[in-house]
Every structure is written in C-alpha cells, then in structure tokens.
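This report refers to the structure that appears directly beneath it.
Just so you know, these numbers use all the heavy atoms, side chains as well, and skip hydrogens, waters and symmetry mates.
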Amino acid sequence: MTTMPQIRPDDRPLLIAFGFTLVILVIGTGYTLSTTGTMPLLQPSYLMQQLQIGSFLGICAAGMMLVILTGHIDLSIPWTLTSAAMVATSVGGPWAIPAGLSVGLCVGLVNGFGVSVLRVPSMIFTLGLDTVLRGLMVARTGGFAPQDTATPAMLYLAKAKLLGVPVALFVWIAVSLVVTFLLTRTTFGRALYATGTKERAAWLSGIRTRAVVTGAFLGSALCAALAGVLLAGYSAKAYQGMGNSYLLPAIAAVVLGGTHILGGRGRYAGTFLGVVLIVLLNSILSIMQMPEAFRQIIYGAVIIGMLLIYGRGTRVSE
Amino acid sequence: MQNVPIVELSDVAISFAGVKALAGVDFACHAGSTHAILGENGAGKSTLIKIISGVLKPDTGTIAVNGSKVGFSGPADAADAGIVCMFQELSLIPDLSVADNVSILRPPRRFGLIDRRAQIARTEELLARVRCEDVDPRAMVRDLSLSRRQMVEVAKALGRDPKVLILDEATSALTQRDVETIYGLLDELRADGVCSLFISHRMHEVEALCDRLSVFRNGQHVETFAKGERSDAEIVRLMIGRDVTAKFPPKPPIRAERAPAVRLDDLRWEDRLKGVSLTLGKGEILGIGGLDGQGQKELLLALFGVLKGTKGTVTVGDGDGLATSPHRAKTGKNRIALIPDDRKTEGLMLSLSIADNIVAAALDKVASGGVIDPGRLDAAVRDGIARLQIKAGSPAHAVRTLSGGNQQKVVLAKWLMIAPDVILMNDPTRGIDVGTKQEIFRMMRTLADEGKSILFYSSDYAELIGCADRVIVLYDGRVVSELTGEAITEEAIVAASLNLKGEVA
Amino acid sequence: MTRWIAQNRGFAAALVLFAALYFSYHLMHPRGFSTAVLVQNANELVAIGFVAMAQTVPVLLGGLDLSVGAVMTLAACVASWLLDGTPAQIALGMIATLAVGAGFGLMNGLIVVYGRLQPIIATLATGAIAIGLALLIRPNPGGNVDGDLNWALTNSVYDFAETYGFARGGDAAWLQPFVNIPVPLILLFGTACLVWLPFKRTVTGRTIYAIGSAEGAAYASGLPIDRARIAAFTLAGFFAACGGLYLAIQTSTGNADVVQAGAYTLNSIAAVVLGGTALLGGTGGVIASILGAMILRAVSFYFRILDIDPLLQPLIEGIVLLTAVSAVAFRTFGVKNQLELFR
Amino acid sequence: PAVVSGPGAQPECFAPWTEDTKYLQWPAKEGPYQIAVVNGFVGNTWRIQMVKTAKAYAEDPSVKDKISEFKVVSTGTDAPAQLGAIEDFINQGYDAIITIAVAPTGFDRVIRLADKNDVVLVPFDNVLDTDAVMQVNEDQLAMGKKWGEFILGELDAMGVDGGKLLEVRGLAGNSVDRDRSQAINDAIAADDGNWEVISVVGNWDDGTTQKVVADAIAVHGQFDAVIGQGGSNGIVQALKDAGHPWVPVAGESENGFRKAIAEYSDEGLKGISIGQSPGLVAVAMKAAISALEGNPMPQLISVPLPVATYKDLADGQNFWSELPDNFFTVNEFPPCGVNISGPAIMAETGDDS
Ligand SMILES: Nc1ncnc2c1ncn2[C@@H]1O[C@H](COP(=O)(O)OP(=O)(O)OP(=O)(O)O)[C@@H](O)[C@H]1O
Ligand SMILES: Nc1ncnc2c1ncn2[C@@H]1O[C@H](COP(=O)(O)OP(=O)(O)OP(=O)(O)O)[C@@H](O)[C@H]1O
Ligand SMILES: [Mg+2]
Ligand SMILES: [Mg+2]
C-alpha cells in the first residue's frame with residue numbers, strides 16, 4: 001500500500017493493453033516469418049485493412065462504452081446494426097444514411113425509456129428490444145429487402161481510401177473524437193460519470209439522470225446504426241444477421257480498455273486500444289488457422305489474463 | 001483496572017495510499033469500563049476501531065487481546081474473540097428479516113440447518129431487552145425506520161455476547177428514549193465486565209456514559225484519562241488543538257416580519273404528512289424538531305421535488321409552485337438545495353473525485369452551452385474547498401478517501417455552488433466533530449444573513465436551541481408546536497415532541 | 001399469507017401469470033390436461049429450468065453468470081461420452097458430469113473472489129473457455145446414451161417403473177397416485193428442493209442473500225463472504241451441469257453448439273427476471289426462476305396451437321418478452337417517493 | 001413404418017439415395033392431412049425463403065386439397081424446444097411433421113413417439129444420423145466433390161497444375177460443414193496437381209466470409225482458386241475489394257454470386273454455383289403426403305443437385321440481375337411438380353418501399 005510510482009492507476013490498463021497489442025504483433029510476425037517467411041502484420045497496408053474492418057467494431061464499442069459508463073449494458077446492438085443497414089439500403093438514394101441513423105435514434109429512445117423511466121434492467125430490456133428488432137426485420141422483409149444494395153455514399157464511407165487511408169478509419173476517428181470530447185469536456189460527460197457512479201446521489205444533485213441514461217443509449221444505438229450503415233457499404237449490401245458478431249467483442253473491448261463494467265470509471269482511449277487489441281488478436285488467430293475450439297479458449301484466457309493483470313476491482317472492506 | 005487490558009494496541013500504524021491515518025498508536029482498554037474515543041473528523045477513530053474489529057489490518061504494530069497477541073484476518077475472527085462492533089454505517093442486511101439479521105452469524109440450528117422458530121424466539125427476547133417490542137422479528141429490515149434499525153443493530157450486538165462492544169457513532173440517529181435505553185444497557189454491560197468503546201461527537205453523551213476517555217488527533221493518540229480529570233474546554237482543546245469558545249454564533253434579534261420564501265398550506269402526502277402549514281421567511285433559520293420519523297424527512301423531500309402525489313398548496317418565492325424533481329427545484333426561480341441525511345448514498349458519489357462531486361450540482365455554472373470551461377471549473381473547485389476548509393490531499397482524489405466530516409463538507413460545498421435561495425438540511429451535522437459543527441453553524445448564520453432561508457432538521461435538541469430563529473415540532477405528520485426566541489428550550493421541544501399537550505398548533 | 005405476498009410480490013405475480021397462460025394452453029390444446037402433454041412440456045422445461053436455477057444463485061449475489069449456457073453445453077458433451085454401459089458405469093458418468101460442472105463453477109468462483117474480477121465479465125470469458133473445451137470434446141454432434149435411460153427419464157413415472165421393472169412394472173397400488181407425474185418434473189423440482197432449500201438455510205446460503213442486499217454490511221457482520229461467493233458459483237456450475245446432464249440424456253447427444261449456449265444464457269436471465277428475482281440481488285429464489293422459465297416456455301407453446309404467421313413469430317415473441325418485463329415496471333409509476341426508484 | 005422393397009412412388013421425384021436404400025411404408029390414411037413444419041433457427045435469408053416456400057407450396061393446387069391444417073413454427077437453435085414442438089404436434093394428432101434438425105442426433109424419443117402414433121416425420125436439409133425415418137436432402141458429399149472437381153478442371157484447362165487454393169468452411173461443428181469439406185479435400189487430394197489448401201472459417205455468412213477471405217488475401221497474396229461452402233457473395237466482394245485477379249470460384253446459389261459470375265466470367269471468374277435449395281421443404285412435404293397416402297417411399301430421398309456453371313447461366317432463368325443478391329436462386333424441382341421460383345415468392349412479399 002505504498003504510493004504508486006509515476007504511473008497513475010487510470011493509465012495502467014492503457015499501458016497494459018498497449019503492451020499486449022505489441023506482444024500480439026510480435027508473436028504473429030514470428031509465426032508468419034517461420035511459416036511463410038513474410039511479415040504481413042507489419043505492413044502498413046495489412047494494418048490499414050485490419051483497422052478498416054476494426055472500425056465497425058470500434059464504432060460499436062464507442063457507443064457501448066457510453067452505456068457501460070452509466071452502469072448499464074446494451075444488448076440490442078446486433079439487430080440495431082442490422083436494422084439500420086437494411087432500412088438504409090431499402091430507402092436508398094441520398095436519404096439512405098439518414099434513414100439508417102434514424103433507426104438508431106428510435107432504438108436509442110426506446111431503450112432509454114425502458115431503462116431509465118420504466119426502470120427495467122437494461123440487461124433484459126435491450127435483449128427484448130433486440131428480439132423485437134429481429135422479429136421486425138424477419139417480418140418486414142420476408143427475407144428479401146426490397147433493395148439491399150448499398151448506395152454510393154455508403155460504399156464511399158466504408159471502402160474508399162483518402163490519402164491511402166481507408167475512409168472508414170476516418171469515420172472511426174471522428175466518432176472517437178466526438179466521444180472523447182463528450183466525455184471529458186461537456187456537462188453531459190460529467191453527468192454520465194456521476195450517474196454511473198451513484199444514480200441516486202446524482203439525481204439528488206439535480207442531474208437529470210433519466211435524460212443522461214437515455215442519452216447514453218441514444219449514443220450507443222446511433223453508433224450501432226452508423227456501424228451498420230458502414231458495414232452495409234463494406235459488404236456492398238445489407239443482410240440478415242450482419243450484426244451478430246459485434247456484441248460480445250464490443251463489450252470485451254470496452255472492458256479490456258479498463259472501463260469498469262459497473263459504470264462510473266473508464267477512459268475512451270482504453271476502449272480504442274481494446275478494439276485494436278481484439279481486432280489484431282482475431283486476425284492473428286485466423287492467420288494461424290486456429291480451430292474454433294482453441295480460438296474460444298484463447299479469447300477467454302486473454303480477457304481473464306489481462307483483467308487479472310490490471311488488478312482492478314477493490315475488495316469491499318467497509 | 002490495573003489488570004491486563006482486554007484489548008491492547010502497541011505502536012500501530014496504517015496508511016491509505018500514502019495518507020497516514022494512524023501512526024504510532026498505543027492504546028489499551030479494560031474490562032468493565034465504558035471508554036470514550038474522541039477526536040475531530042478524520043482523527044482516525046473509525047480507523048482505530050476497524051483495526052480492533054478486524055476490518056482493517058494495520059501496516060505495523062500488534063494487537064493483543066487479554067494479553068496475548070492476535071492477528072485477525074477478518075471481522076469474523078474478531079467476533080470469535082468476543083469483539084463486536086456496531087459500525088457507524090449500519091451493518092444490517094435490508095433484505096433479510098429482523099430475526100435473520102439478529103442471528104446472522106451464529107444462528108440456532110436444527111439438523112444442521114437454521115432453525116427459524118428458535119431464531120424468532122431469540123430475537124424477541126433480545127428486542128425486549130432493548131425495549132423494542134414493537135419491532136416484528138419477521139419484518140424486513142428495509143421496512144424499518146433508521147432509528148429502529150439502529151436499535152435492531154444494538155440487539156444484534158447484544159446477541160453476540162460481546163466482551164468488547166464498540167459503538168461507532170451508533171447513537172447518531174437515535175431518539176432520546178432509545179438513547180436512554182442504551183445508557184441503561186451499557187451500565188448493565190459494564191457491571192457484567194464488558195468493555196464498551198464509545199465514539200460520539202456529542203459531549204453530553206460521553207459525559208453521561210463513559211468512565212475513561214481517549215483523545216485522538218491527526219492519527220495519533222493524544223491522551224487517555226478518567227472522566228472528570230479534564231474540563232470540557234480542555235478536552236476540546238486536546239481534540240482540535242485550539243479553544244472553541246462559543247459553539248453557536250450569536251442569533252440576530254427576533255424579527256417579526258420577514259418576506260416569506262416558502263409557504264406551505266396544508267401539505268399532505270400519503271400517511272406521512274397530514275397537513276403541514278408553515279412559512280419560512282427570507283433570511284430565517286427555521287428548525288424542525290420532533291421524534292425521529294414524524295414526517296421531517298418527508299417534508300424536506302417534498303419541498304425538493306422528490307415526492308409525487310402531494311396535496312395542498314406550496315408557494316416558493318412569489319408564486320412558484322412545488323418542484324416536480326430535484327432538477328426543477330435546483331433550477332427554479334428560487335433555487336432550492338437539499339443536504340440529505342445519508343451522505344454515503346444520497347449526498348455523494350463516493351468513488352468520484354472531490355472536484356467532480358463539488359461541481360456535480362452546478363455543472364452549467366462552469367460550462368457554456370454544455371461545454372465545460374476547465375479554468376472556471378478549477379477555480380470553482382478551489383473556491384469550494386477553501387470556503388469550507390475541506391481537508392484533502394488533492395481535489396482529484398476520490399471523496400471516499402475523506403473522513404466523514406470532510407465528506408459532509410463536500411456535500412455542503414456542492415450545494416453552496418448553486419447559490420441556493422432555500423437550503424433544506426436533513427441532520428447536516430450527524431457524525432461531525434465540534435470544530436466542524438461550529439464552522440457549519442457559522443456558515444448557516446452567514447447564509448441566513450445574506451438573505452438565504454434555511455429549513456433545518458436536527459435530531460440534536462441543542463442544535464435547534466442554539467441555532468434556529470424559530471423551531472417547529474412535528475408529531476405524526478403535523479406541526480404541533482411553534483417556538484420562537486426565548487421559548488425555544490429543551491423542555492418545550494421535548495414536551496412538544498411527545499405531543500404532551502395533545503393539542504394541535 | 002398477506003405478508004408472504006407483500007414480501008414476494010414478483011413471485012406471486014409470476015405465479016398468476018403462469019397459471020393463466022398454462023391453463024388456457026391446455027384448454028385450447030386438442031389433448032389438453034393429459035399426461036402426454038404434461039410430459040412433453042416438462043421435457044422442454046428441464047434444461048432451461050436448470051440453467052435458470054444456475055443463473056439465480058449468482059444473481060442473488062448481485063452478479064451475473066454469463067457462462068451458465070456454456071457450462072451446460074460442456075456438461076452435455078462430457079455426459080455424451082459417459083452415459084453408457086452398466087448401471088454403475090452410468091451412475092459414475094453422471095457423477096463425473098456433475099463434478100465437471102461444479103468444478104467449472106468453482107473455478108469461476110475462485111477467479112471472481114481471488115482475482116477480484118466482476119462476475120459478469122469473468123464469466124463472459126470463462127464461458128468462451130467452456131465452449132472451447134466442449135468443442136474439443138465433441139467436435140461434431142453425437143454421442144451414445146443408454147436408450148432405457150433416455151426413455152425412462154423423459155416420460156411419466158409409470159413408464160419409468162415399467163422400463164426398470166420396479167413397483168410391479170408400474171402397476172403397484174402405492175404408485176398409482178404418482179404414475180402420471182412426469183419424471184423430468186420430479187428431477188427438476190427434486191433437485192431444487194433437495195439442494196437449494198436446505199442450502200438456503202445454512203449460513204453460507206444466507207450470506208449469498210446478504211451479499212446481494214448489502215455487501216459492506218455482510219462483511220462487517222463477519223459473514224463468510226468469500227466462501228459464499230465461491231459456493232454460489234460452484235452451485236451455479238452444478239445446476240448448469242444438471243441441465244447439461246439432462247440435455248444429454250434427453251437427446252442422447254452432446255452438441256457443442258455455441259449459438260444454443262448463448263441463447264440459454266440469455267434466456268436464463270430472462271427467466272430469472274420473469275420469476276421476480278431482482279438482478280441487483282438480495283431477493284428472490286431458485287424456485288421463482290423455474291417459474292420464470294416456465295413462463296418463457298409457455299409463451300412459445302402458443303405458436304403451436306394458434307395459427308400465427310411463422311414469420312411474425314419472432315416479433316410476437318419479442319414483444320411478449322418486452323411487455324412482460326415492462327409490466328413489472330408499471331409499479332414504478334405507482335411509486336410515490338421517487339427516491340425508491342434509485343438504488 | 002414397415003420396411004418394404006422398392007420401387008417407390010414417383011421415382012423421378014423421390015429418387016433413392018443409393019441402390020441399397022431401403023423403402024418405408026406407412027398404413028394409408030384418409031386425407032386431408034394435418035401437416036406441421038418445425039424449423040429451428042430463423043433469421044437468415046435461407047430459412048425465411050424456406051418458410052415462405054413451405055407456405056406457398058401448401059397453397060399449391062396440387063396439394064391444397066390434401067392438407068387440412070398447416071403450421072410452421074421456428075424454435076431457434078434450442079434442441080429441447082424443437083423436440084418439444086415435434087412432440088406437441090404428435091400429441092395434437094398431426095399426421096406429418098417436417099423438420100430441419102438442430103442436431104443430427106437426439107431424436108430417438110420423438111422418432112419412437114412418431115412411430116407409435118403412425119406420424120410421418122421427415123427431416124430435410126440438416127438430416128439425422130439414422131435410417132429409422134424418411135429424410136430428404138441433397139447429397140453433401142457429392143456437392144463437395146463436384147465443387148472440387150470443377151475447380152480443378154478449370155485450373156487444368158488454364159494450364160495450372162499447382163498452387164494455393166482457398167477453402168472457406170462453414171459453421172464449426174456442423175455435420176454439413178464436415179461432409180462438404182471432407183469431399184472437397186478428398187477431390188483435391190485425388191488430383192495429381194501440387195496444391196496447398198488454406199482453410200478459413202466463414203460460417204456460411206457473407207460478412208464473416210468477406211472478412212476472412214480479405215484477411216487470407218492480405219496474408220497469402222494470391223490464390224489460384226477459391227472454394228466456398230457458403231457466403232459466396234462475401235468471397236466475390238473480398239476478391240473485388242482486394243483487386244485480386246478473377247479466378248475460378250465455387251460457391252452456393254445466392255443470386256448475387258450468380259450475377260457476379262455472369263458479369264465477370266470473361267475476366268476469369270469461372271464459377272460454379274450449387275445450392276442447397278430452400279425448395280427442399282416442398283419436396284419433403286410432398287414426400288410426407290405421399291407416405292401418408294400409403295405409398296412405399298425411399299428412406300433417404302436424394303434431390304438432384306442444382307448445378308449451374310458460368311457456361312449455363314441465363315438471366316431470368318437461373319438468376320435475376322434485377323433482383324437483390326440475397327436470395328437463393330434454386331427453388332423449384334420440376335420433376336416433383338414443385339414450381340415455386342424464388343422471384344415468385346418475392347412477388348408475393350410485395351415491394352413495400
Ligand atoms: N480507505 C482509506 N483510503 C484513504 N484514506 C483513508 C481511508 N480510510 C481512512 N482514511 C483517512 O484516514 C484518516 C482517518 O479517518 P477515520 O475514518 O478513521 O476518521 P474518524 O476519526 O473516524 O473521523 P470521523 O469523526 O469523521 O468519523 C482520514 O484522514 C481519512 O481520510
Ligand atoms: N470502499 C472503500 N474503499 C476504500 N476506502 C474506503 C472505502 N469505504 C470507506 N473507505 C475509507 O474508510 C474510512 C473510514 O470509513 P468511514 O465511512 O467509517 O469514515 P468516517 O471517517 O468514519 O466517516 P464518518 O463521519 O461518517 O465518521 C473512510 O475515511 C474512507 O476513506
Ligand atoms: Mg469515523
Ligand atoms: Mg465519523
């Protein structure tokens with residue numbers, strides 16, 4: 001129990017996540033060198049491609065972080081993402097992207113209402129809404145989105161390159177800047193942390209916690225919708241189930257980035273690193289052609305291992 | 001008392017993240033005595049008893065029980081050694097029944113399983129000993145009032161057959177009658193050879209109860225002496241290192257006519273408020289008295305917009321109605337602030353930094369268009385810390401690292417930042433040391449003089465007498481008495497609290 | 001009685017809801033109120049019922065166990081190798097399966113307690129590990145489970161007796177009051193009563209409630225916090241393994257289905273909530289969660305007797321779930337002291 | 001059912017799997033029949049198309065009068081729920097139950113109950129590892145073999161006799177994935193060329209496939225051909241994005257894939273598209289009705305593989321360039337009188353945008 005040297009406890013997860021990312025790169029490069037004699041992992045083009053793919057996850061995770069900071073969780077990401085993509089492509093034309101984002105708007109408001117006003121546990125309300133969205137998509141499209149091809153604008157955002165860097169990456173960075181600004185420089189950000197720490201005390205301090213929680217869910221749903229629109233651009237079309245693989249990695253990224261799962265603590269830079277880490281881990285496992293069984297085990301072990309190293313979570317002694 | 005001390009600490013030191021909470025403490029207490037531990041907020045009293053009761057482990061030093069060294073690995077070990085602690089924050093489980101709570105650690109068993117019937121019988125017995133026959137052993141603790149809970153806590157402690165009984169500000173929420181019960185109990189226990197360690201900021205309680213006193217200051221054991229060896233003034237000087245002359249600032253002369261800041265007419269809510277009418281004048285400190293749970297808390301909450309479904313008319317300032325949420329209350333034409341009684345869950349966000357807590361209510365004051373101005377924020381925080389003389393290493397530290405008194409100051413600082421017109425206070429000095437209390441009272445008077453209105457509930461009659469311009473006493477959700485000036489006396493308040501006259505004012 | 005309802009309002013509401021749902025299902029079913037239908041419904045309930053039980057224990061602590069579905073799957077995969085041969089071998093296989101589940105739960109508990117990790121995130125990770133192990137054990141679905149066992153445990157008491165030839169093949173007079181009871185129901189509620197109810201009445205069991213209700217107070221009272229935590233996760237692993245064991249017997253198969261495991265985990269949380277147990281911990285119980293699971297199942301029964309457009313079914317299911325959990329919330333509109341809304 | 005000797009009814013439609021396939025016969029029942037389809041997972045295009053085909057076929061004049069009640073339920077990937085639904089329909093007195101099994105085993109109990117009640121249980125698509133029930137499927141091994149041989153043939157024609165092949169696998173742990181992959185690799189092994197096979201897992205899902213193929217290209221540079229079990233749109237997309245030269249690709253029967261083959265075959269996208277058809281459900285329904293009428297039926301019914309290569313694609317016939325990518329082109333089986341085409345179901349859906 002002595003003073004922590006130089007490193008602030010807040011920075012520890014960042015440093016560890018960063019270190020771990022380097023370790024992954026080294027191991028992966030070692031592997032490719034020994035098997036094929038190449039080192040794609042260190043090529044800018046490969047890294048760019050990974051980050052381009054990672055940007056969809058990154059955007060989802062940014063939104064998820066807002067919700068986790070309030071002490072809630074958003075399980076409706078998969079079908080929010082899918083619905084936004086499917087609606088966007090079926091509207092088409094210049095209104096495609098606004099239409100997709102407005103799906104996010106609606107989902108966020110409903111989630112916010114259910115969690116903050118009705119006070120249904122977010123775990124279960126967002127799960128229910130996810131099921132409803134899936135039902136809506138199954139029912140509405142009957143399997144065939146009337147029009148499922150992405151518009152040129154979506155294609156541009158997801159696939160084009162600007163100065164050799166994928167535009168999707170710029171979108172991710174823009175989202176990151178917005179979220180960082182929100183969290184550190186606005187009253188909304190402060191209120192978010194306060195609400196996540198102790199909603200009762202925050203409410204009694206005159207913070208409109210219902211609005212704050214709703215805002216967080218809105219942010220999450222908008223991010224998911226944006227990711228959906230981009231993903232549809234990347235795949236050139238929208239399809240059922242495109243969001244299925246974004247929920248758990250988003251949560252894992254947020255947590256690996258040092259955000260406390262019960263809310264109130266965490267920094268955006270951590271989430272960003274968490275996403276990079278997960279994306280690289282995934283791509284290395286797939287380069288190694290790791291069978292699914294080991295993939296799952298490694299995935300689990302990495303999360304546990306890193307959190308153990310963070311050594312967070314104070315024992316309650318009071 | 002020349003025998004082996006029942007608990008003895010030698011050269012104990014502990015620090016938290018570099019902050020020394022206790023250093024080089026030698027302390028001993030003996031069987032058959034009631035031993036007071038005194039000190040200002042943050043002196044290290046709670047830390048001391050947490051060490052004795054096994055909650056915290058000292059960094060250095062040893063603990064001996066009955067002369068033999070022990071190393072507790074948790075409260076359970078200490079309980080095995082006969083050390084039973086009533087913490088300042090209650091240690092009852094709200095979702096378990098009273099009986100479950102009372103026998104939580106060593107329940108009576110049958111066939112290896114908890115015997116519910118025996119448990120209830122045992123609980124009834126213990127409750128009878130603390131004169132709380134009105135509490136149903138099957139009731140959930142969460143349904144009890146704070147004072148009943150404290151009494152259940154006492155029953156629970158008794159049920160453990162303590163050799164050493166520690167009460168850390170355990171009487172802070174108790175009514176007079178219960179306090180008397182506890183006095184009686186402690187006397188009985190002393191006769192049985194139990195050592196009681198008693199922490200309180202109420203000198204008269206210490207006076208009435210204890211035979212020995214130990215004073216702590218800045219994490220150090222200053223002195224231990226028998227009752228009567230020192231005068232009150234000397235004790236206070238030992239505690240805070242200076243003289244405290246007058247506890248309360250002088251009251252201004254009584255003014256008959258004040259412009260009303262808040263007017264209540266027949267305010268009703270559920271079965272807790274049964275038609276409260278009163279007027280709070282500008283620049284007035286209006287005290288609320290009465291036994292615990294007579295609607296005082298509800299009255300304050302109602303004015304702060306927490307309660308729904310209130311009836312009756314409320315006029316705030318000139319013509320505003322009742323706020324519907326704390327946010328409305330805070331941002332209305334007449335700003336209202338509430339200092340809640342439970343600062344750990346209602347007043348503070350414990351793991352957030354001191355700075356974040358201080359600005360929590362006034363975020364828009366340090367921001368323009370929702371964007372925070374770091375310069376203004378820092379200035380505001382510094383101002384708040386300075387104004388209330390909060391003892392803190394850095395504003396970036398979590399509030400939970402502050403001692404209770406300083407935590408309370410953070411709550412006050414938070415609300416002063418919105419420059420409220422009406423301040424509602426629910427027992428703001430609970431667990432606060434004399435020095436700080438004095439500061440708080442002085443601040444209240446200054447605020448009043450600036451034209452702010454204060455509605456102030458206290459469980460301590462002395463505070464009402466010393467501080468309020470006017471006192472109303474609530475009984476069963478009604479105002480039964482209104483006292484002004486010289487008429488504010490302990491007798492008058494007690495009589496009104498018990499509704500002895502049976503009349504409704 | 002009034003006090004019981006007041007203190008168990010969620011459970012009482014769930015009971016009424018289930019009774020109404022289930023009764024009208026039988027009324028509409030061409031063979032309503034028959035043993036066959038009861039047996040069928042019971043079979044469908046057991047696995048999710050056990051997993052809901054498993055989820056309840058950590059929830060009472062105020063945590064969540066996101067590995068219950070995966071542990072169930074792991075246990076089923078283990079069982080699919082072990083439930084064949086002589087009765088003694090089968091019995092050993094069962095014990096081994098349950099031990100694997102309980103052991104995995106124990107590991108969860110140790111990680112949570114000594115690694116000081118939040119349960120929800122620790123079990124998210126260990127769940128992945130469990131699925132990985134299950135995939136190693138059963139790369140492809142399959143298995144070999146004693147046929148008699150399958151038949152006997154998935155039918156009524158009469159068939160059970162007939163299969164194993166006791167109580168004169170099920171015709172003994174003393175057995176007659178019970179012959180129509182489905183064996184799966186006995187297994188489910190039997191485990192609940194024999195394991196959970198006694199456990200609840202130990203200090204460790206009560207500590208679980210205490211932790212969920214007020215952890216600091218529980219610690220300060222000297223309760224065995226760590227032991228209770230570990231016990232809770234171990235018990236969760238055990239119940240999940242019971243579910244897996246039954247699943248293996250019912251399907252004679254182990255199947256390391258990732259999607260199914262995830263669905264079971266999420267449904268278990270839904271069941272816990274529907275049963276009236278607070279996710280924040282402290283109140284509720286295992287029996288209530290079985291009831292919650294029964295409600296979940298009962299909703300899907302309706303798709304089989306009513307003529308509902310198949311492509312609308314997922315939507316209706318979602319809306320019903322959302323409405324049910326929100327209905328609980330309408331209480332919040334009656335709350336007069338808004339502070340009660342915020343914990 | 002009784003085991004009888006062949007031949008069965010309508011052999012042009014209900015072709016036995018092999019010559020050794022046994023025949024089953026149920027006692028003839030009076031129609032019309034109650035028929036239920038118990039689906040597992042719902043929420044991807046294939047399943048939705050399957051459900052719509054089933055509903056459309058139930059309205060088809062050739063069978064409409066023979067069906068008195070028709071229900072479709074989807075239980076999700078939850079084995080007990082699927083078994084429960086089947087048992088429930090047995091209890092309700094349904095005559096035939098069509099199902100896509102969530103697992104290839106575990107149906108012993110419902111098979112036993114179905115037999116006891118003379119209910120015809122017909123698994124299709126994901127079939128069971130048992131010969132106790134009548135099943136309908138396309139031959140997955142043959143499909144894998146065909147894919148492999150076609151690709152090797154095209155490479156041979158191009159004069160390539162060695163290099164890197166990319167195999168995109170399906171859902172781990174699934175028996176269909178296992179069969180297809182095994183047949184593909186057997187075909188490659190049987191070739192005398194010098195091939196290195198890189199396997200990635202695409203889960204039969206466009207997005208996952210696109211990502212893993214893109215990754216593989218980034219790491220390995222270039223492939224001589226791609227053999228994918230599903231998610232074929234994703235393969236095409238990834239090749240296109242990476243600027244990978246068009247090479248022979250084997251894949252499923254998504255409309256988008258066929259559109260791409262038609263467009264780029266001149267540039268080297270020599271494609272083959274073989275589909276597991278959602279129309280199988282109609283064949284299974286027809287087989288169930290036939291069995292209920294008392295006809296002897298093959299225990300394992302083999303539905304011919306709907307193969308289309310770049311040589312025989314025709315717009316408006318086996319793909320539709322105006323229509324979305326996501327639906328499965330092969331839906332009808334003329335020998336069986338199942339004539340519900342993909343676009344026909346689409347027309348039924350209506351265009352509501
Ligand atoms: N866990 C902790 N982390 C950091 N600092 C702590 C911790 N516990 C106690 N302290 C510090 O130790 C000092 C002593 O605190 P303690 O709670 O013992 O005071 P106290 O005498 O009980 O005061 P009060 O009268 O307010 O109750 C304070 O300065 C407090 O800030
Ligand atoms: N969860 C926690 N983690 C770390 N330190 C804590 C925690 N909870 C409390 N503390 C520290 O323990 C010390 C003692 O706590 P306690 O709440 O008894 O304070 P206190 O000084 O007695 O306050 P009070 O006026 O209410 O007397 C506090 O100073 C606080 O810093
Ligand atoms: Mg203290
Ligand atoms: Mg104190």
Select, from [options], the one with the greatest count of heavy-atom pairs under 4.5 Å involving chain D.
options                          : answer
V37(C), N43(C), T154(C)          : T154(C)
R31(C), H29(C), Q40(C)           : Q40(C)
P141(C), S300(C), S252(C)        : P141(C)
I305(C), V145(C), I48(C), N41(C) : I305(C)
D309(C), N267(C), T253(C)        : T253(C)
A263(C), A36(C), G147(C), G32(C) : A36(C)

Would you sort out whether L149(C) and M94(C) count as a side-chain contact (heavy atoms from CB on, under 4.5 Å), showing the intermediate values?
-> CA-CA 12 Å; L149(C) 188 67; M94(C) 289 183 177; 3.8 Å; yes

Chain D contact via [X] - which portion, at a heavy-atom distance below 4.5 Å:
X       : answer
L312(C) : neither
N140(C) : both
R297(C) : side chain
L45(C)  : neither
Q250(C) : both
Y264(C) : side chain

Which heavy atom in [X] sits nearest to a heavy atom in [Y], and how many Å separate them?
X       : Y       : answer
Q260(C) : D78(D)  : OE1-CA, 3.8 Å
T35(C)  : S156(C) : CG2-CB, 4.0 Å
F50(C)  : F239(C) : CB-O, 3.5 Å

Just by distance, do the side chain of Q140(D) and the backbone of Q276(D) share a donor-acceptor pair under 3.5 Å?
->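 Judged by distance alone, no pair lies under 3.5 Å.
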
For [X], is it the side chain, the backbone, both or neither that has a heavy atom under 4.5 Å from a heavy atom of chain C?
X       : answer
V102(D) : backbone
V51(D)  : side chain
L171(D) : neither
R112(D) : side chain

Max heavy-atom pair count under 4.5 Å with chain C, selected residue of P104(D), S74(D), A79(D), A81(D) |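 Top count of heavy-atom pairs under 4.5 Å with chain C: A81(D).
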
Can a donor-acceptor pair be found between the side chains of Q82(D) and T99(D) at a distance below 3.5 Å?
-> yes

Residue pair S181(D) / Q229(D), side-chain donor-acceptor N/O under 3.5 Å | no

Between Y33(D) and F70(D), does the ring centroid distance fall short of 6.0 Å?
->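 For Y33(D) and F70(D), the ring centres are not under 6.0 Å apart.
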
